[in-house]
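Down below is the structure, laid out as structure tokens.
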Amino acid sequence: MVSLVPSVTETLLAWGVEPVACTRFCEQPDLHHVGGTKDPDLDGILRLRPDLVVMDREENRRDDAEALAARGLALHITHVVSVADVAPMLHALCAAVGSPVAETWSGSTLPSDTLRRTAFVPIWRRPWMTINADTYGSSLLRSCGIESAFADAPERYPEVSLDGAAGRRPDLVVLPSEPYPFTERHIEEASQVASDVRLVDGRDLFWWGVRTPGAIERLTAALAR
């Protein structure tokens, strides 16, 4: 099996299921790499002759999925846009990889919304981009009591300006470490939007799977008043 989804790779390894290969973004240096999520090495994957390739509608390109399927490889496609999607997707993944002993998450550990604030959550810079309500990251933040300042945007990942973000008067700015690598050097710039700027682990915000329950707890603590 080949995993082209970082969160899936992490989940499979936690279940004791080791892919024969993954992407360079999966942060697994001991596993064989077959390119990136958006530019996988299709010929390299074919040479491995995997019985299954796991892909995701958000992480991977449709053209690559169609190319692999056309060459006779079996695919399992995941699609998670909310915390509610995690449990059924984990069960489906478990069945697809034939791992009956894998422990999946029921979603029963979700905390109540206690923070009830709004946040500007940039995911890219130059141009600035953020997330609307129809994304896993926004859903996870709602589990922590925080709403995206651009929840009502018609696009899932709208381009915005810092002035436009400031005009929404969010309570805080949440700077994730991925997909754009925001660090402390970006805090001053982000403070143009709100004085309260928090750096968080982007994997907690955007990687779904076995990470989800702990991510909710960690982000709730990191974003507390």
Side-chain angles (χ1 to χ4, degrees), residues 5-15 25-28 58-59 80-90 102-125 128-151 156-157 160 162 165-166 168-225:
V5 190
S7 53
V8 167
T9 303
E10 179 180 62
T11 294
L12 291 174
L13 291 173
W15 288 349
F25 298 114
C26 293
E27 301 183 8
Q28 299 295 333
E58 285 282 306
E59 293 283 349
V80 173
V81 297
S82 73
V83 172
D85 293 335
V86 174
M89 197 60 63
L90 286 175
E103 292 184 4
T104 55
W105 177 54
S106 66
S108 60
T109 60
L110 287 178
S112 60
D113 293 350
T114 56
L115 303 182
R116 303 186 184 282
R117 292 182 292 162
T118 60
F120 172 51
V121 189
I123 60 170
W124 206 254
R125 182 174 175 269
W128 289 93
M129 297 178 70
T130 187
I131 53 179
N132 78 355
D134 189 29
T135 59
Y136 174 72
S138 280
S139 178
L140 193 75
L141 286 174
R142 283 196 298 275
S143 297
C144 304
I146 293 178
E147 189 75 59
S148 168
F150 286 86
R156 299 184 71 199
Y157 304 106
V160 300
L162 290 185
R168 300 230 168 184
R169 302 180 66 84
D171 297 302
L172 71 160
V173 178
V174 176
L175 293 182
S177 59
E178 64 172 66
Y180 187 90
F182 288 106
T183 63
E184 291 184 358
R185 67 187 180 91
H186 298 106
I187 291 178
E188 182 177 357
E189 186 177 26
S191 65
Q192 299 174 47
V193 176
S195 59
D196 188 355
V197 180
R198 311 288 181 94
L199 292 167
V200 300
D201 187 337
R203 296 170 301 177
D204 277 348
L205 190 53
F206 298 118
W207 289 26
W208 59 269
V210 294
R211 174 181 290 269
T212 299
I216 292 173
E217 294 179 2
R218 289 188 292 271
L219 288 172
T220 298
L223 301 176
R225 294 185 186 276

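Computed from a prediction, not measured in an experiment: that's the story for all the values here.
Here Ile146 contributes atom CD1 and Leu219 contributes atom CG; the two are 8.5 Å apart, rounded to the nearest 0.5 Å. Separation of atoms CZ (Phe206) and OG1 (Thr135) is listed at 7.0 Å; rounding is to 0.5 Å. Atom CZ of Arg117 sits about 7.0 Å away from atom CG of Leu223, to the nearest 0.5 Å. Between the OH atom in Tyr180 and the NE2 atom in His186 there is a gap of 4.0 Å [rounded to 0.5 Å]. Atom CG of Asp171 is separated from atom OG1 of Thr118 by 4.0 Å, given to the nearest 0.5 angstrom. Between atom OG of residue Ser138 and atom CD1 of residue Ile131 there is a gap of 3.5 Å, rounded to the nearest 0.5 Å.
Checking side-chain atoms of Asp85 against main-chain N and O of Ser82 turns up a donor-acceptor pair under 3.5 Å. With hydrogens and angles ignored, the 3.5 Å screen pairs a side-chain donor or acceptor of Thr220 with a backbone N or O of Ile216. Counting only distance, with no hydrogens or angles, the side chain of Ser191 and the backbone of Ala194 share no donor-acceptor pair below 3.5 Å. At distances below 3.5 Å, not a single donor-acceptor pair connects side-chain atoms of Ser177 with backbone N or O atoms of Phe182.
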query = When you look at Val160 and Phe120, which way does the side chain to side chain contact (heavy atoms under 4.5 Å, CB included) test go after all the steps?
reply = CA-CA 10 Å; Val160 300; Phe120 172 51; 3.9 Å; yes
For side chain to side chain contact (heavy atoms under 4.5 Å, CB included), just list the numbers for Thr130 and Trp124, CA-CA rounded to whole Å, side-chain angles, deciding distance to a tenth of an Å, and then say yes or no.
CA-CA 7 Å; Thr130 187; Trp124 206 254; over 6 Å; no
(message) One pair to check against side chain to side chain contact (heavy atoms under 4.5 Å, CB included): Leu205 and Val121. What are the steps and the verdict?
(response) CA-CA 10 Å; Leu205 190 53; Val121 189; 3.9 Å; yes
**OP:** Just do the salt bridge (Lys or Arg N to Asp or Glu O under 4.0 Å) check on Glu147 and Arg142 with the steps written out, would you?
**Re:** CA-CA 6 Å; Glu147 189 75 59; Arg142 283 196 298 275; 3.6 Å; yes
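Because its NZ or CZ atom is both nearer than 6.0 Å to the ring centre of Phe150 and within 45° of the ring axis, Arg168 counts as a cation-pi partner of that residue.
No side-chain heavy atom of Pro122 sits under 4.5 Å from any side-chain heavy atom of Met129. In this structure, the side chains of Pro170 and Val193 come closer than 4.5 Å at one or more pairs of heavy atoms. The closest side-chain heavy-atom distance from Thr212 to Leu140 is below 4.5 Å. Looking at Val8 and Leu12, their side chains come closer than 4.5 Å, going by heavy atoms from C-beta outward. Residues Trp128 and Glu189 have side chains in contact (heavy-atom distance under 4.5 Å, counting atoms from C-beta outward).
The heavy-atom pair separating Glu10 from Trp207 by the smallest distance is OE1-CE3, 3.7 Å. The two residues Gln192 and Ala166 make their nearest non-hydrogen contact at O-CB, 3.8 Å. Of all non-hydrogen atoms in Ser139 and Val83, the two that sit nearest each other are OG-N, 2.9 Å.
The environment of Arg156 atom CZ is dense: over 12 non-hydrogen atoms of other residues, nucleotides or ligands sit within 6.0 angstrom.
Remark: the Tyr136 side chain and the Ser7 side chain contain no N/O donor-acceptor pair separated by less than 3.5 Å.
For the side chain to side chain contact (heavy atoms under 4.5 Å, CB included) with Leu199, the lone residue among Val173, Leu175, Val174 that qualifies is Leu175.
Salt-bridge annotation for Arg218 and Asp201: absent, with no side-chain N of the basic residue lying under 4.0 Å from a carboxylate O of the acidic one.
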